[in-house]
Asks: 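Before we start, here is the structure in question, set down as structure tokens.
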Amino acid sequence: MKLYQKLRTAVPRLVLSQEDEEEEEEEEEDADTPTPTGHSRLAPWWVGSGLLLSAVLLSAVTVWVLRQVSGGWHGPAPPSQCHQVPESHRFDCYPERSVVVTRELCEGRGCCFVETPPAVGGTRGVPWCFYPPDFPSYALQSLNQTALGMAGLLVRREKAYYPRDIGVLRLDVELETDTRLHVKITDAANPRYEVPLDVPRAKKRAENPIYSLDFSKDPFGLLLRRRDTGTVLLNTTVAPLIFADQFLQISTALPSRFLYGLGEHRSTLLHSLDWSTLTLWARDVSPTESFNLYGAHPFYLLLEEGGDAHGVFLLNSNAMEVALQPAPALTWRTIGGVLDFYIFLGPDPNAVIQQYQEVIGFPAMPPLWALGFHLCRWGYGSSNETWQTVRAMRNFQIPQDAQWNDIDYMDGYRDFTFDAQKFASLPSLVEDLHKHGQHYVMILDPGISSTSPRGSYWPFDEGLRRGLFINTTQGQPLIGQVWPGYTAFADFSNVDTRQWWLENLQRFHAHVPFDGVWIDMNEPSNFMDGSEEGCPPGELDSPPYTPAVLGDSLSAKTVCASAKQSASVHYNLHNLYGLMEAEATASALIQIRGKRPFVISRSTFPSQGRYSGHWLGDNRSQWKDMYYSIPGMLSFSLFGIPLVGADICGFSGSTSEELCTRWMQLGAFYPFSRNHNSQNEKAQDPTVFSPAARTAMKDVLLTRYSLLPFLYTLFHRAHVHGDTVARPLFFEFPQDTVTYGLDRQFLWGRSLLVTPVLEPGVDSVMGYFPRGVWYDFYTGSSVNSSGEMLKLSAPLEHLNLHLREGSILPTQKPGPTSKASRGNPLRLIVALSPGATAWGDLFWDDGESLDTFERGSYSYLVFNATENVFTSSVLHTSTEAASTTIGTLSIYGVREPPHKVLLNGQEKPFSYLDNQVLTVSGLGMGLGQAFSLQWL
Ligand SMILES: *[C@@H]1O[C@H](CO)[C@@H](O)[C@H](O)[C@H]1NC(C)=O
Ligand SMILES: *[C@@H]1O[C@H](CO)[C@@H](O)[C@H](O)[C@H]1NC(C)=O
Ligand SMILES: *[C@@H]1O[C@H](CO)[C@@H](O)[C@H](O)[C@H]1NC(C)=O
Ligand SMILES: *[C@@H]1O[C@H](CO)[C@@H](O)[C@H](O)[C@H]1NC(C)=O
Ligand SMILES: *[C@@H]1O[C@H](CO)[C@@H](O)[C@H](O)[C@H]1NC(C)=O
Ligand SMILES: CC(=O)N[C@H]1CO[C@H](CO)[C@@H](O)[C@@H]1O
């Protein structure tokens with residue numbers, strides 16, 4: 001342990017600017033080597049920062065320095081203290097996976113070593129090496145009031161065990177709003193890398209925060225309480241704070257075990273706190289439990305006792321892991337950046353997500369066609385074959401808005417090219433799609449082929465000329481391998497790269513006028529580890545601590561962490577790669593098409609929803625994978641990326657007719673609905689199945705299309721208010737603890753309950769119905785649930801959909817495309833509560849223009865039913881509204897047969913069925929017209 005007894009300077013290693021790259025390369029692994037002085041930023045930290053410190057503090061620092069120099073390392077903890085720590089409260093002091101921790105290693109860190117029986121089921125179980133209660137941490141000093149909150153210094157008297165442990169930290173606490181708290185901890189003396197994300201800054205301190213904050217001074221800790229219930233939301237004194245240059249760790253007790261979020265992972269919606277570790281490092285791998293997947297979302301939502309909820313966002317893009325334990329408690333462990341937390345107090349789950357998105361940005365409003373059905377596969381041999389499928393779909397009048405191509409279309413798998421033989425008719429196919437009101441989307445990868453003859457491939461030649469690729473530490477483009485063979489990787493952190501990306505897209509669009517872009521392989525994925533030359537030695541590629549990433553190395557199946565990008569080193573920017581590519585792509589699409597962009601990205605980071613949607617990656621045609629798509633989709637709702645779905649019928653492996661039928665039914669209710677298949681598998685688009693299966697698939701797509709006005713309105717609410725689209729049940733029923741673990745059912749908005757079949761060979765499905773009246777979507781028949789699991793009939797051709805009491809859904813007669821549907825009259829479904837009230841709304845615009853809401857080119861209607869009167873109020877209207885009419889009103893739950901129905905006072909014919917459904921057709925009311933309908 002000699003390394004850690006020596007004093008080390010806190011070098012701002014992770015802030016790379018052009019000038020200090022040289023030093024970066026020269027840094028050596030040996031922590032004992034003195035850092036070169038002479039450069040002011042590299043002077044020992046107390047020299048520069050001491051000037052800023054108060055005299056009192058300076059003396060404290062001096063004491064600390066002296067203790068260190070005299071070798072005052074914290075010795076092994078006394079065993080009695082160790083045994084006092086209950087198992088569930090043992091915080092891991094030796095999380096390294098690569099070593100089997102021994103008593104010697106553990107005690108060398110000053111920690112407790114107590115063996116416990118190994119865990120069953122693949123988790124690491126109770127740590128054998130854990131912190132004793134008095135393990136040294138920071139002490140809070142000099143806490144001052146600031147305009148928005150408080151600022152203080154955190155001072156460590158004894159060093160922790162990682163190199164370049166930082167002795168003095170700055171704490172900034174900002175009471176940004178009554179429901180949002182911002183807490184940032186960073187090096188007091190030297191700037192460190194921070195995520196380049198635009199976050200709103202509060203202008204004044206919150207006046208009536210619904211939280212209160214207390215500090216523990218020594219050891220430093222934060223205690224955050226919800227004022228009205230007194231619930232302790234955060235208590236960071238449970239384990240020591242560690243803040244070394246490449247190891248930052250903070251733990252907190254949690255007020256309950258109901259924890260959600262922390263993506264991207266394949267897991268149940270509700271996380272297990274039984275010693276699980278979730279790793280965040282963007283990675284190309286088929287979704288597998290407990291692996292870090294494509295995106296990184298350091299955000300969790302937690303339900304407290306009583307149904308209040310709060311959320312915590314750690315704005316940090318470095319490789320990290322989050323360790324969960326049954327105390328219940330959570331540990332954030334990241335290897336760079338700063339500890340920059342936003343805490344959202346809700347108090348209900350919807351409010352938490354809204355408040356989160358106020359920080360990361362609300363999602364973009366997608367074009368209407370994005371909400372139609374999309375069809376793709378890897379392995380269309382030609383554009384003619386692709387076209388055949390489109391024709392077959394049209395032939396059977398199965399709704400389809402977009403046809404896609406995977407990498408097959410490219411010439412040698414190179415971006416911005418198409419195969420002149422096999423895909424010769426691609427431009428005509430796209431033209432034909434447009435003629436039919438359909439759209440075309442193709443895949444693009446960020447790896448740019450580097451081996452085409454010079455002068456023959458503009459994207460590489462020009463990228464090289466302009467210096468737009470990610471470089472090695474030696475300043476040459478880093479070469480890895482992706483589909484086209486050897487490739488360089490576009491550096492989207494460089495604004496010039498965005499311009500070049502736009503020019504590439506423009507050049508390609510001139511030949512193939514695509515409508516949307518699918519950005520894949522953007523973790524970025526590399527078939528080699530690091531580069532063709534591996535990665536250089538050093539603490540970026542081999543950091544002192546590596547989180548539990550798949551492959552045990554940061555460069556596994558991606559580029560070297562040490563690689564240089566214009567904004568920083570890849571070590572810091574890796575998790576942002578997909579976000580930056582999405583931003584560049586969305587902005588290019590706007591410039592090229594002048595319409596709302598459609599981008600689907602594999603890798604994602606917080607704020608991605610502003611630029612793209614997401615699909616859940618390359619999974620298999622298996623029942624289990626179909627189930628996992630629900631928690632996957634719902635987690636992305638929490639992450640502010642509502643446009644999400646999985647590959648319907650499964651990507652790799654062979655689907656079956658039964659699985660594909662059930663999956664089409666579930667997938668018709670993914671906000672982003674795309675059937676996608678791998679190469680060398682049998683076709684799985686709806687046209688290839690038996691008439692019965694094909695019809696079932698067509699029917700459920702028609703149901704989706706009939707609901708497009710509702711879905712579109714939900715997206716509008718997401719865009720403007722940060723509401724979720726696909727929503728877990730507990731969002732709407734946070735008082736009902738049964739809903740906390742439900743992830744085999746979900747809601748659209750607050751009111752449409754989807755209960756898919758997720759198993760083979762059944763003709764019924766169990767579904768939970770929270771207390772209240774629920775109506776069968778199709779028939780209007782009701783069940784009054786006291787909060788029960790109900791067995792529902794579910795023959796192969798049927799998807800169970802139920803409407804919650806008190807809601808009004810705008811629907812529309814479906815057509816073969818969203819464009820064709822648009823002209824059809826609307827039918828409003830009113831699902832009355834037992835008190836005979838209901839509420840709903842409709843957002844409508846031209847479906848594709850930019851910023852219609854912001855510019856006021858839209859209609860917004862509020863529907864309200866109360867005391868046998870339905871009213872449609874027009875809160876805002878524009879010209880588009882004129883061409884659309886409300887044709888029919890179906891009112892579910894009308895207990896007594898009416899004898900008269902009046903539309904704006906005029907009598908109208910109606911029908912009334914025994915199951916208490918009142919229908920009035922032929923209304924012919926333009927969307928811009930307010931009206932009322934009364935039944936007596
Ligand atoms: C608090 O105020 C004192 C007195 O002005 C100042 O010396 C000290 O640096 C301040 N501390 C922080 C963390 O700003
Ligand atoms: C915070 O955690 C510490 C350490 O576990 C514990 O002693 C203390 O009681 C907790 N405080 C609150 C308010 O829960
Ligand atoms: C595609 O279809 C067109 C029109 O039928 C035909 O002329 C062309 O040869 C076909 N291309 C290929 C690669 O099969
Ligand atoms: C990468 O290297 C090229 C020269 O090969 C240079 O023009 C460019 O600025 C470098 N980019 C970065 C981020 O270092
Ligand atoms: C619905 O109408 C009733 C009666 O006019 C009114 O009290 C209520 O506020 C309305 N609700 C909404 C959401 O507009
Ligand atoms: C391609 C592949 O194997 N993917 C994974 C899909 O998900 C299942 C279940 O989670 C995994 O076991 C597979 O490995």
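None of the values given here were measured: they were computed from a predicted structure. Start at 1 and go down the list; that is how both ligands and their atoms are numbered.
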Asks: May I ask whether atom 11 (N) of ligand 2 is less than 4.0 Å from at least one protein heavy atom?
Replies: yes
Asks: For Gln476, is the nearest heavy atom under 4.0 Å from an atom of ligand 4?
Replies: no
Asks: Which ligand 4 atoms does Gly475 reach within 4.0 Å, using its non-hydrogen atoms?
Replies: 2 (O), 4 (C), 5 (O)
Asks: Any idea which atoms of ligand 2 are less than 4.0 Å away from a heavy-atom of Thr237?
Replies: 1 (C), 2 (O), 3 (C), 4 (C)
Asks: Among all protein heavy atoms in this structure, tell me which lies nearest to atom 5 (O) of ligand 2, with the distance rounded to 0.1 Å.
Replies: Val238 CG1, 3.6 Å
Asks: Going by the atom numbers of ligand 2, which of them fall below 4.0 Å from some non-hydrogen atom of Arg225?
Replies: 13 (C)
Asks: Would you verify that at least one protein heavy atom lies under 4.0 Å from atom 2 (O) of ligand 2, or report that none does?
Replies: yes
Asks: Check each of Leu273, Leu233, Val312 against Leu254 using the side-chain contact (heavy atoms from CB on, under 4.5 Å) test, and report the only one that passes.
Replies: Leu273
Asks: Please report the interatomic distance CG(Asn190) to CD1(Ile166), rounded to the nearest 0.5 Å.
Replies: 7.5 Å
Asks: Taking a cutoff of less than 4.0 Å between a non-hydrogen atom of the residue and any ligand atom, is His89 in contact with ligand 2?
Replies: no
Asks: Between the candidates Asp214, Leu234, Asn235, which shows the shortest non-hydrogen contact distance to atom 14 (O) of ligand 2?
Replies: Asn235
Asks: Quick one: do the Arg414 and Ser452 side chains pair a donor with an acceptor below 3.5 Å?
Replies: yes
Asks: Between Asn318 and Asn572, does any side-chain donor sit less than 3.5 Å from a side-chain acceptor?
Replies: yes
Asks: Less than 6.0 angstrom from the centroid, inside 45 degrees of the normal: does Arg507 satisfy that with respect to the ring of Phe416?
Replies: no
Asks: Hey, which of Lys184, Arg201, Arg180, Arg205 is the one that makes salt bridge (Lys or Arg N to Asp or Glu O under 4.0 Å) with Glu174?
Replies: Arg201
Asks: Any side-chain to backbone donor/acceptor pair from Arg156 onto Glu158? Under 3.5 Å, distance only.
Replies: yes
Asks: For ligand 4 and Gln565, I'd like to know whether there is a polar contact (N/O to N/O, distance under 3.5 Å).
Replies: no
Asks: Any idea which atoms of ligand 4 are less than 4.0 Å away from a heavy-atom of Ser566?
Replies: 13 (C)
